Number of protein chains: 2
Amino acid sequence: MRCAVVGGGAWGSALADLLAKGGHGTRLWAREPDVVHRLNACHDNPRFLPGVALHESVQASNAMSDVLADAELVLYVAPSHVLRDVVREGARHVPPEAILAVATKGIEPETLLLLTNVVTVELPDRAVVAVSGPSFALEVARGQPTAVVAASKSSRARAAVQRALSSSSFRVYTNDDVTGVELCGALKNVMAVATGIAEGLDLGLNSRAALITRGLAEMTRLGVALGARPSTFAGLAGLGVLVLTCTGALSRNRAVGVEVGKGRALTDVLAGTESVAEGVRNTQSALALAQRAGVDMPIVTAVHRVLFEKQSARAAIGDLMNRELRAERDE
Amino acid sequence: MRCAVVGGGAWGSALADLLAKGGHGTRLWAREPDVVHRLNACHDNPRFLPGVALHESVQASNAMSDVLADAELVLYVAPSHVLRDVVREGARHVPPEAILAVATKGIEPETLLLLTNVVTVELPDRAVVAVSGPSFALEVARGQPTAVVAASKSSRARAAVQRALSSSSFRVYTNDDVTGVELCGALKNVMAVATGIAEGLDLGLNSRAALITRGLAEMTRLGVALGARPSTFAGLAGLGVLVLTCTGALSRNRAVGVEVGKGRALTDVLAGTESVAEGVRNTQSALALAQRAGVDMPIVTAVHRVLFEKQSARAAIGDLMNRELRAERDE
């Protein structure tokens, strides 16, 4: 299968490597000339995925026309806030029969659209697949066992993505609840910030476990209100991703939370950094979605207060621990 | 409320400290003379909970009659395999109106009885409460925020335990699904061993997140077959405890798993250690329960094969990753 990976970050590089190792002709688009040059010359990506050798057959380019021509599968792996621009930029080069997939987690900030819907707006009348699951790019590139979900309303499209990506160490399971899978991926970043705040406050592992438990409960509530299935939230894209994000290596989202938890203002934490953590944007999107759906999300609300409403981390998380956890018996 | 804590390990000491801080007259029974002496003389328990000062009002004794006389709440915190002996030893001293609670997680090895049921056999016709949740004893003793569940069929008994234990940093939520709460506590030890095995094999964090996700799914299947509610498994006693056990500080159960995962035989790992990890015993109990209920538990089965049937860790966990995770779409 001829595959195009659009996005040259850590995850895009790991997925291109996976496809190439699986025998698929794979091209990768990256905006950064140094990433393109280095991938073609040295078969690695020290800027975004240092220390890993990538498959020699991956061809990189910063011309959409080169990468998308004749592609049978197009896998978008650009950050959520630029995804639309990237899809639009290459739209006229995408072959009419190509299957489209999105491996980025998130919501489009302004529109609150799920990312498969953003793709559909730019490239109408095509099957789109969401790929999500607990998957640190570095572990995937190293061949450590990983399991993800390929979700789409189209059984043909999700099965095609499953076949293309599956290997002995990377297992892809299909799911038709694309709304649930994408919501999980967007909301987990907010929970990562919340976990970071609790870490910054030195609240300990007991409260982290309680936060993950209550976090998944409120994510599931929103999902059900928006037509998703609870079992998706209990699966790899939900619980799996949440556990990895909140207990794995310190992510950018959690790191921002840690600094805010220690009492620094968000503007100070973000000053001088190249990119805004997705979880910061996702917090605004998630709260807006929750309000629109009329669903109470106390953890999302608390994170929003700390990041954007000048409430102290200790007060917000303290309120949360004192208030929200009363709910177990009402479930 | 006059409280008796029966068991002087880390968790018993932390709970006695919590009760005493809450203004309850609290006595603690421990079998070990050094623990009793040290608690009374220095108000700490360096053998089981080093580095923490305990409340000065906790009175320790190794005479059941001293500890249980006039008690209004009796909280059992003895290891699962000796719980029955400890309950029986003090049975004739337990006042007729006392509320009974068990804060130990596990199943009785030979009978496969839940621990509240063990108490009921020894002390019939009384309300018994199970206390469970993500709660490292050291964090509780330090006053870090913790949330647990008090589960009982008796609303009066669970509310009494909730009142007795609750503080600003220790929150107790009631639940009437005592079977679910206790099953969670027994099964999580098996998942801890499984996580340790995966760590010993260096499988990475992606596969740990997948293991936790699939582990909770099979725990829930067994629970539902035995009359428990799925929401209990998604709550603090289920997901909360599982996350803490599988991602928190290295427990004895996980440590045994790590050694076995590195290829050592269980008999070698246990040789020279004072106590068998509960998860080792729980694996046999859990498999027996699953077989009796006719429920497929692939992770429990894999752990059993590695611990007791001489299957290599890599083969068993490899089989599991290749086989079990196919199930997401069938859920």
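Chain A is the first sequence line, chain B the second, and so forth, proteins listed ahead of strands; every chain is numbered from 1. FYI, side chains are in, hydrogens and waters are out, and symmetry mates aren't considered; it's all heavy atoms of this structure. What you see is a predicted model; the values in this text were computed from it and never measured.
Interface check for chain A: of the options V241(B), L216(B), D202(B), I212(B), the most heavy-atom pairs under 4.5 Å are formed by D202(B). Highest contact tally toward chain B, considering only C246(A), G248(A), S135(A), is held by S135(A) [criterion: heavy-atom pairs under 4.5 Å]. The most heavy-atom pairs under 4.5 Å with chain A, out of D177(B), L205(B), V243(B), V148(B), come from L205(B).
A donor-acceptor contact shorter than 3.5 Å links the side chain of Q162(A) to the backbone of V172(A). Looking only at distances, no side-chain donor or acceptor of R158(B) sits under 3.5 Å from a matching main-chain atom of A150(B).
Remark: the T146(B) side chain and the E139(B) side chain contain no N/O donor-acceptor pair separated by less than 3.5 Å. Side chains of Q144(A) and S169(A): a donor-acceptor N/O pair is absent below 3.5 angstrom, by distance only.
Heavy atoms of R208(A) lying under 4.5 Å from chain B belong exclusively to its side chain.
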